[in-house]
Asker: 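Okay, here's the structure, questions in a sec.
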Amino acid sequence: MPVEIPKDKWPGSIRTVTLGATAADGGTRGLTVTVGGQTALPYMHFEAQSPNPPVVAIEIKSERPEDWSSILTEAWGEALDDPARWAARAQDAGAQVLVLALSANDTPESAVKAVKAVLGASGLPLIVLGPGQPEKDNDLLVPVAEATKGERLALGLCEDKNYRTLVAAAMANGHLVIARAPMDVNLSKQLNILITDMGLPADRILMDPTTGALGYGIEYGYSVMERLRLAALQGDSMTQLPMIVTVGFETWKAKEAKVGEGVPEAWGDWRERGLHWESLTAAALLEAGADIIVLRHPESVRRIKIAIDELMVTA
Amino acid sequence: MALSGIQIYKLLPQTNCKECGFPTCLAFAMKLAAKQVELSSCPYVSEDSQQQLAESAAPPIRLVALKAGGYEVKAGNETVLFRHDKTFYNKPGLFIQVNAADGDIAKKVAAADAYSVTYVGLEFTVDGFAILADGDLGAAVKAVRSASKRPLILIGDPAALEPGLQACQGETPLLHAADPSNWETMADLAKKYQAALVVKADTLDELADLTQKIQARGVEDMVLDPVPAASPLSQSLAAYVQLRRMALKANFRPLGYPIISFPAATGDPVRESLFAAQAIAKYGGFVVLSEFKPELLYALLVLRENIYTDPQKPIQVQPGVYEINNPTPESPVLVTTNFSITYFAVANEIEGSGLPAWLVVADAEGMSVLTAWAAGKFDAERIAKSIKEFDVASKVSRKRVVLPGHVAVLSGELEEELPDWEIKVGPREAVDIPAFYKQVLT
Amino acid sequence: MGWDIQSDVPPQPISMATHTIIFISAEAKPKSVQVPTGTLLADAARQAGVEIGQPCGGQGRCGRCAVQVTQGNVRLRSTLRLSNEALEQGYALACQTIIEGDTTVLVPEQEKIERRLTTDRVAAEVRPPVGYDYPHSQSVRRIHLSLDPPSMDDQTDDWSRLQTALRAQVGFETSEISLPLLQSLPATLRAGEWRVTAILAIHPERPTASSARIITLQPGHIDEYSPLWGIAIDIGTTTVSLWLVDLISGKVHAQVAEYNGQIARGEDVISRIMFSSKANGAEEMRTRVLETINGLLDTACKRVQIDAGEIIKATVVGNSTMIHLLLGIPAENIRLTPFITTINQPPLLPAREVGLAIAPDACVDCLPGVASYVGADITAGVLASGQNRLEEVALFLDVGTNGEIVLGSRDWLVTCACSAGPAFEGAGVRNGMRATTGAIEDVWINSETYEPVFRVIGGGKPKGICGSGLIALLAEMFVAGILDKAGSVKRDLPTRRIREGNHGGEYVIAWADETETGEDIVLSRVDVDNLMRAKAAIYAGFSVLAEQVGFILEDVHKVLIGGSFGKYINVEKAVQIGLLPDIPWERFDFLGNTAVRGAYQALLDWRERERVKQIASQMTYIELSADNTFYEAFMSAMFLPHTDLGRFPSVSAVLNKST
């Protein structure tokens, strides 16, 4: 008997957001990456075409990270000491976008230098994150924004109590911003409203809903993302932004991934567990609508690219 | 279609007699709408109303339970497409596959059967075993039963399955699988041995055809295997979503059954992990894993627990000690509750200040500081208990703990509970923590 | 550094030593008391009979109990609210200071709570309900009896004689009398020469079939049309209101109001419950509210020139905590999950037992409530608002420290309570104050210069900002563009009124030289947060109620606003901040104190009394903390005016115009 499949038809769609600018557009990137544009829930190819597949980004640091798991530091080796080398290695590992996280030890000068070095070493679009302390973020990111005018970087993180300086810098220098809210649909939406109220076009905002990791609150992040995506498709313009998720950051601070000793035997092999922790967190968030997945381990990158390839197969 | 509280209220006697245990008929109606009570609690509901309410209450996805040795693995009875709409109820069963032709079935099963892991105080195990009838299934079932009492999934053609079924009489196993070529024999077998039956077809049209025919032949408990082995993730996702939608949105009974997945179909372990994760997130009912690998099993069990957590409960963070900005033994200890927004407000302020601290998150049942205090869930005793339980004393050289300003009143009692600690009263608002820290704690 | 003066002193051995504490104040002679080591200074003061106000209930939160320790050995638990300078001068919070030796304490002059008897002047005259008819409506009855005098032939006892008269002359088969009345019975009968006036509590529906209870007996026959006195009382957490009513005509002869004396032991119900759980706390709470009520009785009776003993009936409403504290019933379980009251529908009690200074056998009728946080003030409020008789769905709000909300019509009623906090009453806000002389009650801000204009109650220099002023200020700061939608001050605007305060950006409404206090009046980041939380809690409360029963909020026929809050606020501004729903203004009705009005209606007419009971049993209480729905709605409302701007079309239009 023929079964009539219910198909959703949505009034809303996700905005397309392009990271990076090539020489033609006033930047120096070798290529640009566009995400968003969906008109249906993730991978529902029987309802609508999925215009832009999700992309994988690799997170690198402006200085050697002191608190990373040895599983990660072994994977990157000497590259950890040099953002430019690290960037090139990340590109080789399959990254489609680079994320450079600045350190609290950076000065405006060293931050600009690191950003320039990464831009020189790789033609991939770049996201630059501050160390996560409002004043310090502003001190570092404003000169970075100015020194890279026209590159269409994404700068982060904008939060509800600290967004005005960063948004102004992005507006003035042709960049994008990342709006991060703590696992709450309303807070995400509110922050997007605040940022667009300042005059930054909505197609220059990526939202980071904060996801948690497997075992550490992923269920909240997962549902917040599903709800944001549903609201967007239902026509709520302030949620119609592509989502970036920092899976590497979230998972590699989890004990399951980070630590190999003094843990229960039932947790199994450490390295493989760490990779599962990162890749399964990412796989679940892909289903929830993630557009940019930021990872740390090259093997997880390989795995998630397999998942994305399969998810993009149309019947 | 599910009725709202007010719609149900109109079908009730509206006498507010309280005999159902609720103060008003409307309160009872709202509980009924939330499926938290049975209609039978109302002694006075009319027959007509009863009928109308029963129709709206029938589960759109059949509950299928596999049973053996006192274990029960249930799937189905789901009511929503998205967990945030209410919750997902029956966690997909994770089964480990063994092959009848293998020599060391009992040993493999014993290792998996003994597996037990704890996560936030919950204990997880594997749910059961799947046996592929590539050899003598009767002997294989006996070998499995020598090592485990957990429910079984038996995979093979009808002739190969029967000896296996004879070896586990009295249980409710799941048979894999009825397809367009063998469905009559399989249905008879399932009926004869009281087993649940997987129905397998490559399209939903064929699947719906088969389930109706099999139901007509007397089998009620069915499970669907809707995609060819080794289909890409997009295809399994589409099929699973379509099945759930058909059941919930179209109330289409022929497809209202749980789903079984075989993530290892291509033999690639990476793919297996990704497909299993997808099945857990998106509507899988039974998931069969190719082998027992603790590191994957643990990750999947945690994912399953997370996805099936009731999202209606207040959003909580896990109680414990959180390290912020790499604290040292000299760093101060701050206390707050496990309500997520409270935690985030406090943690973000400290993190943003760059100042190192130990943040003790006490279990206040997900309430904010003032609410928890008012309700007696954040008192000196509970705070002291957290500090002791998380062994905070071993992390610091200077024992001083900062209370939220809203509960300054607790400082006296806390001094008594923690006699060797220095009790400080912090600011009332998280935003003032950095200034307080700089003035008072450094 | 002055943080914790004695924190480095090692714990001292426990000893049972007693110490002499001397309290010195400007108003009275020094007082002293002997207390053991470890006594709280506040307790010592109480024992010495020294009044030290503790508005926060002794939690160390408000700082109002600061005293100066001039000599002696004390330990400070918390110095929150005290500046370093104050600490150096020996200031300490009485509620947080532990005595460890002989001590001399200087008690500053206690701040007198400013009185503002709003109902005295503001309230419109209350008309008795149309068709009020004493004989048919009242549950009390005044009757004249003429007894046959006893003789050697008729040696019937006095009580039987009275009962015979009740049976023969007015038809009561059975009657009841209290011991004190029996004790005065022989004198009363004889003083009136066997003519007596009795006031009876009866069952008004079938008076003679049931038993009559005698409330008072007076010698002789009193004029049939002379007033028969009753009172209606609303015990608010902040204000107690009392109406003195002639039950014959139904006319209100006096309306008086006074701050609830319990305020000195806590401003909110939770603080008071906590205080009442301490030793002797319950008794103190009971005494304090009785003193307030009896004081009000005194004022009202003096005004009408009657004796309080002539009052024979009292109808009382209040939130469940207030009723528990009045009756001395343990209130502790009200605040603990699962939030259970001891009693929602108290029985009729004689005034003697309750402690009201009216006729000892007067009926005290505490009207029925619904749940821990929805009390008789709300059931009576619904009665007074008429919501229970409406065909169309209405929303009833009573906003105080707690916001209580009722949605429904004559067919169904759902209710919930949400904790709004005291921000709208001017508390918990740095320059907040009650709506009294010196309070800024309305504000306008120029959206180009960011300069404010304001109106002050009484017309003088401002001292602070009251609830309506805070609502107006928040709305104006938002619409003028000083605040972003999250309530953060935009620090980059060209005005010196915006500056960096201790808690982030703040806005100066009045400079020091313009104010009564000589200090700037400002609205800080923390104040904005408190106001946002209060308005979000209330908006979330009614939107969740509506959602839970599947009703669209914008479809409500009427929004009925009770509580003293309702009298002052500006609807437009309340809508702009997202406190009230964006519906046509004519659908809002401001009703004033609906609780006391409902009590008055129930006092007069037993059928209205029955209706309150019906309302209480019909109301479905929804516990907002049971799941996430309230939290979601709250977070959504924590924005100006709301995260979903589509719900506030009129505000959206104003914003589009101003940008």
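Only this structure's heavy atoms are used, side chains among them; waters, hydrogens and symmetry mates stay out. So you know, we letter chains A, B, ... as the sequences are listed, proteins then strands, and number each from 1.
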Asker: Measure A:Lys161 against the heavy atoms of chain B and call it side chain, backbone, both or neither at under 4.5 Å.
Answerer: neither
Asker: May I ask you to name which of A:Pro6, A:Pro131, A:Ala283 has the most heavy-atom pairs under 4.5 Å with chain B?
Answerer: A:Pro6
Asker: So A:Val3 and B:Gln242, side chain to side chain contact (heavy atoms under 4.5 Å, CB included) or not? Walk me through it.
Answerer: CA-CA 10 Å; A:Val3 172; B:Gln242 287 168 356; over 6 Å; no
Asker: Give me the atom names and distance for the closest heavy-atom approach of B:Tyr119 to A:Gly215.
Answerer: OH-O, 2.9 Å
Asker: Around atom CD of A:Glu135, are there more than 12 heavy atoms of other residues, nucleotides or ligands at under 6.0 Å?
Answerer: no
Asker: At a 4.5 Å cut-off on heavy atoms, which part of B:Thr203 comes close to chain A: side chain, backbone, both, or neither?
Answerer: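 Contact with chain A is absent: no heavy atom of B:Thr203 under 4.5 Å.
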Asker: Report the option among A:Met44, A:Lys136, A:Glu66 that has the most heavy-atom pairs separated by less than 4.5 Å from atoms of chain B.
Answerer: A:Met44
Asker: Which bit of B:Val117 is near chain A, if near means a heavy-atom gap under 4.5 Å: side chain, backbone, both or neither?
Answerer: both
Asker: Output the distance between atom CH2 (A:Trp267) and atom OG1 (B:Thr118), rounded to the nearest 0.5 Å.
Answerer: 8.5 Å
Asker: What closest approach, in Å, do B:Tyr298 and A:Ala266 show between heavy atoms, and which atom pair accounts for it?
Answerer: CB-O, 4.1 Å
Asker: Under 4.5 Å, counting heavy-atom pairs only, tell me which of B:Leu274, B:Asn326, B:Thr309 racks up the most with chain A.
Answerer: B:Leu274
Asker: Pick one of side chain, backbone, both or neither for A:Ala104, based on which atoms fall under 4.5 Å of a heavy atom in chain B.
Answerer: neither
Asker: To the nearest 0.5 Å, what is the distance between NE2 (A:His276) and CG (B:Leu303)?
Answerer: 12.0 Å
Asker: May I ask you to name which of B:Gln235, B:Gln278, B:Glu351, B:Gln318 has the most heavy-atom pairs under 4.5 Å with chain A?
Answerer: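 Highest number of heavy-atom pairs under 4.5 Å: B:Gln278.
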Asker: Measuring only between side-chain heavy atoms, which start at C-beta, is A:Glu256 closer than 4.5 Å to B:Val302?
Answerer: no
Asker: Side chains of B:Ser234 and A:Met312: closer than 4.5 Å at any heavy-atom pair?
Answerer: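 Not touching, per the 4.5 Å side-chain cut-off.
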Asker: Mind ranking B:Leu255, B:Leu296, B:Ile280 by heavy-atom pairs under 4.5 Å with chain A and telling me who comes out on top?
Answerer: B:Leu296
Asker: So for B:Leu243, is it side chain, backbone, both, or neither that comes closer than 4.5 Å to the heavy atoms of chain A?
Answerer: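 For B:Leu243, no heavy atom lies under 4.5 Å from chain A.
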Asker: Walk me through whether B:Arg245 and A:Glu47 qualify under salt bridge (Lys or Arg N to Asp or Glu O under 4.0 Å).
Answerer: CA-CA 13 Å; B:Arg245 282 196 199 161; A:Glu47 288 177 341; 2.5 Å; yes
Asker: Do NZ/NE/NH1/NH2 and the carboxylate oxygens of A:Glu272 and B:Lys293 come within less than 4.0 Å?
Answerer: no
Asker: With a 4.0 Å cut-off on N to O distance, would you call B:Arg83 and A:Glu287 a salt bridge?
Answerer: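 No, this pair does not count.
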Asker: Could you check A:Val185 against B:His84 for side chain to side chain contact (heavy atoms under 4.5 Å, CB included), going step by step and ending with a plain yes or no?
Answerer: CA-CA 12 Å; A:Val185 175; B:His84 63 255; over 6 Å; no
Asker: Who wins among A:Asp137, A:Asp184, A:Leu280 for the most heavy-atom pairs under 4.5 Å with chain B?
Answerer: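 Going by pairs under 4.5 Å, I would pick A:Leu280.
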Asker: Side chain, backbone, both or neither: which part of A:Trp277 has a non-hydrogen atom closer than 4.5 Å to chain B?
Answerer: side chain
Asker: Looking at A:Leu275, A:Val224, A:Leu230, which one has more heavy-atom pairs under 4.5 Å with chain B than the rest?
Answerer: A:Leu230
Asker: If I measure from the heavy atoms of chain B, does A:Leu286 come under 4.5 Å with its side chain, its backbone, both, or neither?
Answerer: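 Contact with chain B: none, neither part.
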Asker: Can you tell which part of A:Glu4 gets under 4.5 Å to a heavy atom of chain B, answering side chain, backbone, both or neither?
Answerer: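 Looking at A:Glu4, just its backbone touches chain B.
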Asker: Please state whether the side chain, the backbone, both or neither of A:Ile304 comes within less than 4.5 Å of a heavy atom of chain B.
Answerer: side chain
Asker: Could you give the distance from CG (B:Asn348) to CZ (A:Arg180), rounded to the nearest 0.5 Å?
Answerer: 8.5 Å
Asker: Is A:Pro42 close to chain B through its backbone or its side chain, or both, or neither, when contacts mean heavy atoms under 4.5 Å?
Answerer: backbone
Asker: Could you measure the distance from the CG atom of A:Asp67 to the CD atom of B:Glu323? Nearest 0.5 Å is fine.
Answerer: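 That separation rounds to 10.0 Å.
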Asker: Which answer fits A:Pro134, side chain, backbone, both or neither, if we ask what part of it has an atom under 4.5 Å from a heavy atom of chain B?
Answerer: both
Asker: Report which part of B:Ser231 has an atom under 4.5 Å of a heavy atom belonging to chain A: side chain, backbone, both, or neither.
Answerer: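 The backbone, not the side chain.
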Asker: What part of B:Phe82 gets within 4.5 angstrom of chain A, counting heavy atoms only: side chain, backbone, both, or neither?
Answerer: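 Both backbone and side chain.
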Asker: Between atom CD1 of B:Ile307 and atom OG of A:Ser223, what is the distance when rounded to the nearest 0.5 Å?
Answerer: 7.0 Å
Asker: As an exercise, state the distance from CZ of B:Phe344 to OG1 of A:Thr210, rounded to the nearest 0.5 Å.
Answerer: 6.0 Å
Asker: Which residue out of A:Met183, A:Glu265, A:Glu159, A:Gln133 racks up the most heavy-atom pairs below 4.5 Å with chain B?
Answerer: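 Ranked by heavy-atom pairs under 4.5 Å with chain B, first place is A:Gln133.
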Asker: Can you name the nearest heavy-atom pair linking A:Glu310 to B:Leu233, along with the distance?
Answerer: OE1-N, 2.8 Å
Asker: Checking A:Asp8 against chain B: side chain, backbone, both or neither under 4.5 Å from a heavy atom?
Answerer: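 Both backbone and side chain.
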